[in-house]
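Heads up: the structure comes next, in structure tokens.
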Amino acid sequence: MISDEVKLGSTRAAHRALFYAMGYTKEDLSKPLIGVVNAQNEIIPGHFHLDTITQAVKHGILAAGGTPVEFPAIGLCDGIAMGHEGMKYPLASRELIADSIETMAIGHKLDGLVLVPNCDKIVPGMLMAAARVNIPAILVSGGPMMAGRYQGKDISVSNVFEAAGQFEAGKISAAQLEEIESAACPGCGSCAGLFTANTMNCLSEALGMALHGNGTVPAVNLGARRMLAKIAGKQIMDLIHKNITPRSIMTKNAFVNAIVLDMAIGGSTNTVLHLPAIAYEAGIELELELFDQMSKKTPYLTKLSPAGCHHMQDLNEAGGIKAVMSELAKVGLIDTSLPTVSGQTVSENIANSKILRNDVIRTVANPYSPTGGIAILRGNLAPLGSVVKESAVAEEMLRHVGPAKVFDSEEAAINAIMNKKIKKGDVVVIRYEGPKGGPGMREMLNPTAVLAGMGLDKEVALLTDGRFSGATRGACIGHISPEASAAGNIALIQDGDTIEIDIPARKLNVRLDQQELDVRKSAWQKPHPKVRSGYLARYSSLVTSAATGAVLKPLEF
């Protein structure tokens, strides 16, 4: 066992004494030490209840002959961080989470890890750590929130963001806004739509790193969630005995499976940051082209919020991720031979799975679209690529030409939107919000939601070198690379320049010839860093382009 290095021999007497100080017995120390990474806190609804999940994991480990060792991980609530300086931190926190787990796992010579996250950056941060330290690991989340109910319809937090725009546009009263905000989030769990947190928990199943049900069983189904956690706790022991490590599961083909699932369910555009980052830690390169290749051949089978009216509870009732993967496997889009943390292959995991609600999951013969939910756009405005959630774009906005309204921060754009300075047909450009320039690549849910609430999501496009929440809908194109702070062409756009968007053709251009772009670039001056001290300053100096997953790389080896 790896942990023998801190438990056995005369030179480890002091180590054993420190364990005894905490109540560990000799018998405890004779067993594998399993790190249980608990991301519980009292600031994220999706994490508020994770102590319960963690306790179930520990029961499973004990029952299977292991010794659980619990330690924490941080987590930010993207919803609460949204729309202000705090949103600079969530993406950057992904690296802190991975680094801290690496530190704990290697520093204490743990034999395995059970990862207990639930929300946006915490799930990929933990999977990055698993790939990096490469000791047996399994992920089990806390489950999605139930949708709220308002005037006979299911709603979630994205509806509240949009309600703010409706209120500003005079479409609803202050009393109605208060009713909506009181009804939207009825209890614990990751926000109810197919936003980033739930997307990543679903993709964890497709990657083979989580048991089926991880992404869809609601948090309020506490019996089912605790059973899943207990099984995960037992299963880590099997992975250790068989020496099955994350890199033996998260192969290139496993990432392709995850991308295919992502396209089929219309997941968050943030997956185009997170999957390459996890793959990077596993020594695998995931090019943006791979996402587009899979999108072109993968049918779009579910239309979940924010693209449609269904929520995660509906997907669970419809058969969950197993049903979707089984349907995709019928046309050869899923590699069913791959191993998973269940101890079985993908084929064995999805055997006998079927669609239980055809209104939620369509068949491959009758998809919403023959192509997937995410598109990668390129052109002179995004030479290295940009990302859009095509499945959440109104048909009339799939192709759009309009004048640029340029803003050098999210705050400036929100101010213009709230003061009715954005008109039908405009293309709002928010720049200097990329990984380096932000720093931290803020999500732009506030401006997109306000535009949608004002009824402009079918008439106004939004471009940014930042990113969008999984709750975003509309012609919102993010991850524009190179970013403005890296002298990308988005830094050269001026008010009134004509922007051409053609999502079906995968094109994003500004109507300027190369000579004009060169002239403007020669006059461009790099702005002073927005943050000059603390973690974000260090992050900004090391982070790479969004086109490569915004991972941190040393300046030199």
Side-chain angles (χ1 to χ4, degrees), residues 39 43-44 46-47 73-101 117-129 132 190-191 195-197 199-200 203 267-281 286 288 385-387 389 409-410 430-448 464-472 476 478-486 529-531 534-553:
I43 196 69
I44 312 178
H47 287 220
I74 66 166
L76 279 83
C77 178
D78 281 34
I80 295 173
M82 195 73 66
H84 55 85
E85 184 183 17
M87 185 40 76
K88 296 178 184 290
Y89 284 89
L91 181 61
S93 75
R94 187 185 70 179
E95 317 306 315
L96 289 175
I97 292 162
D99 290 350
S100 64
I101 295 172
N118 210 22
C119 290
D120 294 47
K121 311 308 164 297
I122 301 92
V123 176
M126 287 191 176
L127 289 173
M128 289 166 66
R132 187 187 300 173
S190 45
C191 295
F195 313 143
T196 305
T199 301
M200 287 307 304
L203 299 196
S268 166
T269 54
N270 283 313
T271 59
V272 184
L273 289 172
H274 297 324
L275 289 178
I278 299 165
Y280 169 74
E281 299 292 351
L286 288 188
L288 280 182
S386 61
V387 183
K389 190 169 184 174
S409 70
E410 179 187 6
I430 306 177
R431 62 191 179 190
Y432 296 106
E433 291 286 6
K436 285 185 176 294
M441 205 179 180
R442 287 194 285 183
E443 289 184 343
M444 305 292 170
L445 179 56
N446 263 19
T448 62
T464 183
D465 54 5
R467 59 198 176 94
F468 294 112
S469 164
T472 293
C476 301
H479 306 204
I480 290 177
S481 302
E483 63 176 287
S485 289
K530 295 178 181 177
V531 179
Y535 173 56
L536 285 179
R538 299 195 301 275
Y539 177 85
S540 178
S541 70
L542 295 174
V543 69
T544 64
S545 167
T548 55
V551 297
L552 299 190
K553 292 185 179 180

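Computation of the quantities below employed the complete heavy-atom set of this structure, encompassing side-chain atoms and omitting hydrogens, waters and symmetry-equivalent molecules.
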Any [X] side-chain heavy atom under 4.5 Å of [Y] side chain:
X	Y	answer
T548	K553	no
M444	C476	no
K389	T472	no
I122	I97	yes

Does a sphere of radius 6.0 Å around CD1 in I80 hold more than 12 heavy atoms from other residues, nucleotides or ligands, not counting ones at 6.0 Å or beyond?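 Buried by this count: over 12 neighbours within 6.0 Å.
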
Are any side-chain N or O atoms of [X] and backbone N or O atoms of [Y], one a donor and one an acceptor, separated by less than 3.5 Å?
X	Y	result
E433	E410	yes
E483	G437	yes
T464	I430	yes
S485	K436	no
T448	L445	yes

Partner residues of A546 under the side-chain contact (heavy atoms from CB on, under 4.5 Å) criterion, sequence neighbours left out: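 For A546 the side-chain contact (heavy atoms from CB on, under 4.5 Å) partners, ignoring immediate neighbours, are L273, P435, M441, H479, S481.
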
Quick one: which residue pairs count as a side chain to side chain donor-acceptor pair (under 3.5 Å) with a foot in residues 84-95, not counting sequence neighbours?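 Residue pairs passing side chain to side chain donor-acceptor pair (under 3.5 Å), neighbours aside: R94-H274.
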
Under the salt bridge (Lys or Arg N to Asp or Glu O under 4.0 Å) definition, can you give me all pairs with a residue in residues 534-549, not counting sequence neighbours?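 Pairs touching residues 534-549 that pass the test: none.
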
